[in-house]
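Here is how names work: the chains are called A, B, and so on, in the same order as the sequence lines, proteins then strands, and each is numbered from 1. Atoms considered below: every heavy atom in the structure, side chains included; atoms not considered: hydrogens, waters and symmetry mates.
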Amino acid sequence: MIALAGVTKDYGGVHAVKDLSLELPDQTVLGLIGPNGAGKTTVLNLMTGLATPTSGTIALDERRIDHLKPHAIAALGIARTYQTSRLFPQMSALENVVVGMHLHADDSLLGQLTGWPPTLARAQRLRTQARELLGELGLSERADALARNLAPGEQRRVEIARAIAMQPRALLLDEPAAGLNPVETDRLRAEILKLARERNISVLLIEHDMSFVMAACERIAVLNFGEKIAEGTPDQVRADPRVIEAYLGVEGVA
Amino acid sequence: MLAQQLVNGLFIGSVYALFALGYTLIFGVLDILNLAHASIFMLGAFTTLVLVLKGVPLLLAILGGALAGGLLGVLLDRVAFWPLRRRQAGPLAPLISSIAVGMIYVGTANGIFGPDVRHFPFDVVRTPTYTIGPVTFTLAQLTIFIASLALMAGLQLLLRRTRLGAAIRAVAENPRAAQLVGIDLESVYAQTFFIASALGAVAGILFALTFNAVSSVMGSAVELKGLAVIVLGGMGSIPGSLLGGLLIGLSEDLSVAYLSSGYRDAIVFAILFLMLIIRPTGLLGKRGLRTA
Amino acid sequence: MRSSIRALFAFFVAAFFAFGSLPAIAASGDATVGAVFDISGAAGSYGDGQKNGLQLGEDYVNKNGRVHLSFDIEDAATQKAQAVNLFQTFTTGGKVVAIVGPTLSSEAFATDPIAVSAGMPVLGISNTANGVTALGPCVFRNSLTEAAVVPHALKAVIDRYHVNTAAIIYGNDDAFTKTDYDVAKAALDADHIKIVSTQTFSKGDVDFQAQLTSIKAANPDLLFVGALAVEAGHIVADAHTLGIKSHVVGGNGLNSPQVYSLSGGAADGVVVGAAWAIGAQNPGNIDFVEKYRVRFLKDPDQFAAQAFAAAQIMENVLTAAKSLTPKDVCDSMKSMKPVNTVLGAFSFTSNRDASGDGVVLVVKNGRFIGF
Amino acid sequence: MHALTAFYSAHSALINQIGVNALLALSIWVTLACGQLSLGNMGFMAITAYASVLLVLRAHWPFFPAVLAGTGLAAIAGLLLGWPVLRLRGVFLAIATIGFGEIVRIFAVNLSVTGGAEGIAGIPQLASTPIIYSSLALAVFLLWRLTRSRAGRAFAAIAQDEVAAAGLGIDPAAYKLAAFAIGAAIAGYAGALSAFSSFFISPTDYSFGRVVDMLASAVVGGIGSVGGPVLGSILLTLLPETLRFLQNYRDVINGLILLFVIVFLPQGLWSLVDRRRAS
């Protein structure tokens, strides 16, 4: 569905991403791993229009999207979350999810301005749907809390709910398990996989937590210094000597 | 005539630059647009005037005005910005609270000194006039030009060569990291306000001496010009405010000379507007204070 | 904390409803006249002189004892909206019989229609723009306009010196100084004087070197300054610094001690066409200037003199009025006989403007004397 | 009843000013609600005020068509200003828009059609108190409904995190331009009401101080809800009138009250009315 072909991104002469080709097929959970500074988040930014490739192409179903603005890419069905929460802090969890429905919201402006009852009913329906979605992620109790007052784990899940509310075809997750304890991590993984399967959403998962990725993904690509050094099933990647070297080279020191 | 206009522009531009220096320093360190700066500009001038009228020698009176300005700046920070910093208010609240303190300062001056324009005794400010070729200027103008440059160079040295300067630059770069390496943020903020406001006060004093006029509304003459200067030069950049000040001064004088005096300020604002559209970081503002 | 804030808020709401009774009841006497001046804000230095002059005038009138008069002087803070509100409060409060002011012509255009529709007479003491008295049948002014004084001053200078060319510098964002320009240009054109440079400035400017450098390059014989006192003082000083040798001429705005106090000796030789001369030798004026100096520790300016004259005019108007109602006061103003004031013998024209040609003064050794 | 009519006849100008100032504060609030500190609203006021006054006086248009045409002109000016400044943020946007406002004022001073500094006098009093207050009520209602709508949610999202908003398919540029145009139209409309209720306009009416008043009203009242700017305008319009007895010290108290509200009531005065927001 989404295909990166020969994508390079330079920042002032430094290659953040170099000649990367990567495919996210329909209904797949693909992991993208690599040491710190390997360029994983840059790949996400390139795919969502926050950055434009220096060279190479990114296509969604054969249609190039690498020069589209972020909102246009989102409108084509690519949703994402961020490494550090980017919830709207002054809105409640519920309102955040309702904003996530922006592209599909059917309450017309004229109807809202005049208080036309069918419009108000539609707006109410959006809120009900949002509440249900939060419920699926176990957040019913927190729906009306302000986003900035939520615990980090809750914020992570509200952000995922907000992305799901877009009814996307692809969901790009930037380290969803960061800062969570093992119990929360397991629960989050189960929720993500369930939501993706039910709604036919492809998932690109950037993660540090190896066990999380190994358990969640069908395929895994490994980045190091902006280059893809391996791609395959979890077992293949785990056994790849270049991957071991890359990880030992960095994390062995730490 | 061109030569004279260029000289005029440089003189007034250097005062703009000195005024803008405090604006830009506070913006660079705290990301705050301090709209009370113009009122400190004015109170510095009044303080010096009062001291001179009490018989204090001019140089001492200027120092007194600078000191008063610096202290008023620290007070401003304590009442208008510190409480907002503590609760991490957005950028809008400090803008309003600085307007509020500006009103209080101007209102106080208006209450004490009344609305009349005051002036220094002429024996204090009368300076000889020089004519070199086609150019005429007074000693006061020349002194102010040199003093402005010297103060800017001094600030630059302070930022580059002293411990305080290093701390200010570190805080400008990243307050949290600066705190981690043991820098006392509040103390740096207070000292920044002192320096910036003392400079603003000196700008006001020099302005008042050149034009020999002190009034509670004198700050409004430079308030918006100062904004133009820091945008043109680059927010947070010290050399930028010098360059911006001189350019604004020159463009004013040249637009009077060759275009239309009626549209003088429109031309300044048009330059400002275009600069923001084309290069929002200003001429020298790419890294701001961090590379000061 | 919270309740104290609410108390504060409640105070302001209460204060708002209470201030319907703003016009103070005259402490002693029969008639209250409202006065609206810009005592603070950008025009504060003009309103300040007006307040002083009117206060002095109040004492003077009450000492004469022909009528008991009290002025309710309020500050409009150079805000048009505030001037409007004060006029409305005065016209509806039922306590004042006339209003003196407002300070600026631009305020008068907004305030005077309110008085007109309420039948309240207005006496402008510093409104010089064209058309102010045309606003209504009870709008008067005792201020000679620029059109009345500037041509005389220009004529006097042109007659005495050799003048072929002239330059004009004026404030283009102020109605008063813009009128200066219109009047001066017409007068110079009529005399076939060539205008070689026209420059403008804005209210509050202090640096005029750019404009004056351009003017110097044109080397005019005469420089007309359309400015108010503070800007005029700076212009005169800058012109001196740049070595401009032209004869400097100005209008009412320059008739202020600030012109020489802000420019030192540079003001010597400046010729001013004005409505009032500080050195005028009529006994009333000598007395006024002396009392003003004693009480306010400075020289009066024309704003103060015209305010004082307003008190003298109101004294006569109120004495002659059939009753102390706005309507009778207005009628009394319409039929007023010439009055001796600090401005000299004063009367209104049929258009309710001040009659007369004013005086032509020159600054010499830091004082205004007859030209 | 008599007391009420007497009160009105003594204070109708002030009452009208409060209504106009409330509309002006709302005009600033609209752009703030979309995360933009736009301070050029005195320029939009001037554009509509001059345009509609000239249409009525010179072209003899009826009142409402003239005001609506002027308002449309301000909205177009808002779009034209909004487009180039889209990528500016925070104080940079503020400064650019201040520059726009000043340029408009300077043109008003220099052009002859505006009467220059002498302004335009003799403007008929066509904006009555009922017109001003029904306009205000309509604006408050529509803006309140707007905040509940899809567009209003998009405004709030952009204000709180523009990148995240774009990631959800919200086009920030389009909504910011819309906010600019709405703000400009409201400011312009209020400028016309002000002109047609005060006999006289001149460029001084559209100086920098004017927009500072609007911003202060909006922030003091509270920008979290549409009621805030209205409340702030009431307070800040009344303050100078009630504090007149302080004479030259008036601004000191004015400033202290402003400072007090900013420091102790972060959500503005509205948080005293709407207790839920106070926490």
Side-chain angles (χ1 to χ4, degrees), chain B residues 1-9 11-12 15-16 106-107 110-111 114-123 125-127 129-131 134-138 140-141 207-208 210-213 215-223 249-250 252-258 260-265, chain C residues 38-49 51-52 75 77-78 169-173 197-218 229-231 233-234 237-238 240-244 256-258 260-266 296 298 301 366:
Chain B
M1 181 174 87
L2 177 63
Q4 179 73 49
Q5 294 289 16
L6 289 176
V7 168
N8 294 344
F11 283 143
I12 189 74
V15 179
Y16 290 159
V106 172
N110 207 22
D116 272 351
V117 176
R118 307 297 185 96
H119 59 88
F120 289 92
F122 277 94
D123 53 329
V125 291
R126 169 138 317 144
T127 55
T129 303
Y130 301 108
T131 302
V135 177
T136 303
F137 56 89
T138 64
Q141 287 175 318
F207 190 83
T210 326
F211 302 115
N212 196 16
S215 74
S216 57
V217 293
M218 66 186 273
S220 56
V222 289
E223 190 173 31
L250 285 174
E252 276 186 12
D253 278 76
L254 295 180
S255 58
V256 168
Y258 297 105
S260 154
S261 48
Y263 286 96
R264 179 193 61 187
D265 289 353
Chain C
D38 294 324
I39 301 166
S40 59
S45 71
Y46 315 120
D48 197 46
K51 183 186 74 173
N52 295 344
D75 176 18
T78 325
I169 180 168
Y170 72 102
N172 72 338
D173 62 345
S197 178
T198 303
Q199 298 290 330
T200 66
F201 60 88
S202 304
K203 235 178 288 180
D205 278 1
V206 289
D207 175 22
F208 300 90
Q209 299 226 353
Q211 292 93 328
L212 291 170
T213 300
S214 291
I215 286 175
K216 188 187 178 192
V230 174
E231 285 88 354
H234 290 306
D238 279 358
H240 181 80
T241 302
L242 288 170
I244 292 177
S256 159
Q258 296 211 316
Y260 48 80
S261 70
L262 287 176
S263 61
F296 302 108
K298 57 184 173 188
D301 59 9

Task: Minimum-distance pair of heavy atoms, taken over all atoms of C:G204 and B:A221 - done: O-CB, 4.2 Å

- [ ] Side chain from CB out, backbone as N, CA, C, O: work out which of these in B:T129 comes under 4.5 Å of a heavy atom of chain C, or both, or neither.
- [x] side chain

- [ ] Below 4.5 Å from any heavy atom of chain C, which atoms of B:Y258 appear? Answer side chain, backbone, both or neither.
- [x] neither

Task: Approximate separation, where rounding is to 0.5 Å, of B:Q4 CD and C:S214 OG - done: 10.5 Å

TODO: Only one of C:D207, C:L212, C:D238, C:T213 passes side-chain contact (heavy atoms from CB on, under 4.5 Å) with B:N8; say which it is.
DONE: C:T213

Open item on the list: Checking C:A210 now: which residues fulfil side-chain contact (heavy atoms from CB on, under 4.5 Å) with it, not counting sequence neighbours?
Closed with: B:Q5, B:D253, B:V256

Task: Side chain, backbone, both or neither of C:D38 within contact of chain B (heavy atoms, under 4.5 Å) - done: neither

Open item on the list: Under 4.5 Å from any heavy atom of chain B, what part of C:I39 do you find: side chain, backbone, both or neither?
Closed with: backbone

Open item on the list: Taking side chain as everything from C-beta outward and backbone as N, CA, C, O, which of these in B:D116 sits under 4.5 Å from a heavy atom of chain C? Side chain, backbone, both or neither.
Closed with: both

Open item on the list: I want to check something: taking the side chain as every heavy atom from C-beta on, are C:Q209 and B:V7 in contact at a cut-off of under 4.5 Å?
Closed with: no

Task: Test item: C:L262 and B:V117 side chains (from C-beta on) under 4.5 Å apart, heavy atoms - done: yes

Task: B:F211 portion near chain C, given a 4.5 angstrom heavy-atom threshold - done: both

Open item on the list: Taking atom NE2 as the centre, does C:H240 end up with more than 12 heavy-atom neighbours from other residues, nucleotides or ligands that are less than 6.0 angstrom away?
Closed with: no

Open item on the list: Please rank C:G265, C:S261, C:S197 by heavy-atom pairs under 4.5 Å with chain B and give me the top one.
Closed with: C:S261

- [ ] Find the distance between OG (B:S261) and CD (C:Q211) and round it off to the nearest 0.5 Å.
- [x] 5.5 Å

Task: C:K216, part contacting chain B, at a heavy-atom distance under 4.5 Å - done: side chain

- [ ] Check whether any side-chain heavy atom of B:F207 lies under 4.5 Å from a side-chain heavy atom of C:V206, and answer yes or no.
- [x] yes

TODO: Over all heavy atoms of both residues, which pair between B:N110 and C:S40 is shortest? Give the atoms and the distance, please.
DONE: ND2-CB, 3.5 Å

TODO: Check each atom of B:A257 against the heavy atoms of chain C and say whether the ones under 4.5 Å are side chain, backbone, both or neither.
DONE: both

